[in-house]
2 protein chains.
Amino acid sequence: MASITQIIDHAENTCRKNGAKLTEKRKRVLTGLLISKKALSAYELIDFMQKEFNESPPAMSVYRILDFLETENLVHKLHLANKYIACSHISCAHEHEVPQFLICDKCGNVKEIGIKKSLINTLKQNVEKSGYVLKSPQLELHCLCHECA
Amino acid sequence: MASITQIIDHAENTCRKNGAKLTEKRKRVLTGLLISKKALSAYELIDFMQKEFNESPPAMSVYRILDFLETENLVHKLHLANKYIACSHISCAHEHEVPQFLICDKCGNVKEIGIKKSLINTLKQNVEKSGYVLKSPQLELHCLCHECA
DNA sequence: TGCAATAATGTTATAAAATAACATTTTAAA
DNA sequence: TTTAAAATGTTATTTTATAACATTATTGCA
């Protein structure tokens, strides 16, 4: 399990390779999500950063930074929960599976699992049979965690 | 293809069987969604109903009505788009498939397809292997429709 | 039929999430 | 060094959603 510093370094290198820049502000937002044990909304992130880093960035900035991090695949937006979660594979060397998020409707806990290639292909075929093009196979499912079930 | 009146009648009977009541206000919200060619947000619904029925219910009421309709499975909330869409199987006599929504990220068009039982079972097993319980297998996918692709 | 309880809806206010538009600062490139 | 582009800030607003209290309508029971 890589330390947060290592993950940030790795993220920085990945961004540089893509011609993007992981600025200090962006690092701090990503760090906030990595430190946090749970998915956070933009405003929860602002509160969290106020407590952890003694800085309170404007919401507009946080949203922009989250958009950037999402575009760089460092962060995932969970639409079911209106929250963001750090990608759990940032420092992996191998290509990892498309994420599927199991979101507890009761307590908000989120678990990330990988979607098998075969399942993605099935989804993709279903989509194309319907005249649409699959843009992003990331999945979110309404669940209950083992504590709330 | 059932007429809107028939669909509403069917919905009313289904609610009655479930011990719920499809009041006039609720009928009008459902009708609005049935008339509409596309998924609508709560506020879009309010605008739509102002134009179609010359009534402008408060947002709070619309949200409550949408919650009710969703609970009765007459309406689906699309979390990716923050919109609602009428269930397309209200007057079907047979048990229909769990819905999967293909949502065009560009224009907002939504297509509903059915998820095969085998795919649901796969999803369910993946979830349970992770210690969670699948609560609702409804899926939403980021897509592009054939016009926007 | 009348009354009490419950359900549905309205009102007022606010919270939460998100974005538009303009401005300033920082960084990178020429 | 200067300019252009990127990043961030500021101000304001829009959009989505809900809390809490009040009123109205409906239902069930005596």
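Quick note on labels: first sequence line is chain A, next is B, and so on, each numbered from 1. Model, not experiment: these values are computed from the prediction.
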Chemist: Using heavy atoms and a sub-4.0 Å distance, could you list which residues of residues 29-44 of chain A are near DNA chain D? By number, please.
Modeler: none
Chemist: Can you check the E72(A) CD to dA6(D) P distance for me, whole Å?
Modeler: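 In whole Å, dA6(D) P lies 13 Å from E72(A) CD.
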Chemist: Is the side chain of K111(A) donor-acceptor paired with the backbone N or O of S130(B) at a distance under 3.5 Å, no angle test?
Modeler: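 Yes, the answer is positive, given that a donor and an acceptor are paired below the 3.5 Å cut-off.
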Chemist: Atom NE2 of H79(B) and atom P of dT15(D): how far apart are they, to the nearest Å?
Modeler: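 Roughly 21 Å, once rounded to whole Å.
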Chemist: Could you check whether K83(A) gets within reach of a base, just the sugar-phosphate, or nothing at all, counting any heavy atom under 4.0 Å?
Modeler: nothing
Chemist: For ring pair (Phe, Tyr, Trp, His ring centres under 6.0 Å), just list the numbers for H10(B) and H89(B), CA-CA rounded to whole Å, side-chain angles, deciding distance to a tenth of an Å, and then say yes or no.
Modeler: CA-CA 11 Å; H10(B) 199 108; H89(B) 301 287; over 10 Å; no
Chemist: Applying side chain to side chain donor-acceptor pair (under 3.5 Å) as the test, list every pair that has at least one member in residues 16-31 of chain B; sequence neighbours left out.
Modeler: E12(B)-K27(B), N13(B)-R16(B), N18(B)-E72(B), E24(B)-K27(B), R28(B)-E55(B)
Chemist: Under 30°, 30 to 60°, or over 60°: which ring-plane class applies to Y63(B) and Y43(B), parallel, tilted or perpendicular?
Modeler: perpendicular
Chemist: Between N18(A) (CG) and dA6(D) (C1'), how many Å, whole number?
Modeler: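 Atom-to-atom, N18(A) to dA6(D), this comes out as 17 Å.
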Chemist: Identify the heavy atoms of V133(B) and A149(A) that sit nearest to each other, and give their distance.
Modeler: CG2-CB, 3.8 Å
Chemist: May I ask you to decide if S41(B)'s main-chain N or O and E44(B)'s side chain share a donor-acceptor pair within less than 3.5 Å?
Modeler: yes
Chemist: Expressed in angstrom and rounded to an integer, what is the separation of L78(B) atom CG from dT16(D) atom P?
Modeler: 13 Å
Chemist: Which letter, B, S or -, goes with each nucleotide of nucleotides 3-13 of chain C from 5' to 3', with contact meaning a protein heavy atom under 4.0 Å?
Modeler: -----SBBB--
Chemist: For E140(A) and L80(A), indicate whether the former's side chain and the latter's backbone hold a donor-acceptor pair under 3.5 Å.
Modeler: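 Judged by distance alone, yes, a pair lies under 3.5 Å.
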Chemist: I need the CD1-P distance between I46(A) and dA18(C), as an integer number of Å.
Modeler: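 That distance rounds to 11 Å.
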Chemist: Is Q6(B) reaching over with its side chain to a backbone N or O of S3(B), donor-acceptor style, under 3.5 angstrom?
Modeler: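 Yes; at least one donor-acceptor contact below 3.5 Å.
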Chemist: Please report the distance, rounded to the nearest Å, between CG in L45(A) and P in dA18(C).
Modeler: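 The distance from CG of L45(A) to P of dA18(C) comes to 12 Å, rounded to the nearest Å.
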Chemist: Using atom CG of D67(A) as one end and atom P of dA6(D) as the other, report the distance to the nearest whole Å.
Modeler: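 Nearest whole value for this atom pair: 16 Å.
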Chemist: So, OP1 or OP2 of dA18(C): does either fall under 4.0 Å of a side-chain N or O from N82(A)?
Modeler: yes
Chemist: In whole angstrom, what separates D47(A)'s CG from dA17(C)'s P?
Modeler: 10 Å
Chemist: Might you point out which heavy atoms bring E112(B) and S88(B) nearest each other, and give the distance in Å?
Modeler: OE1-OG, 2.6 Å
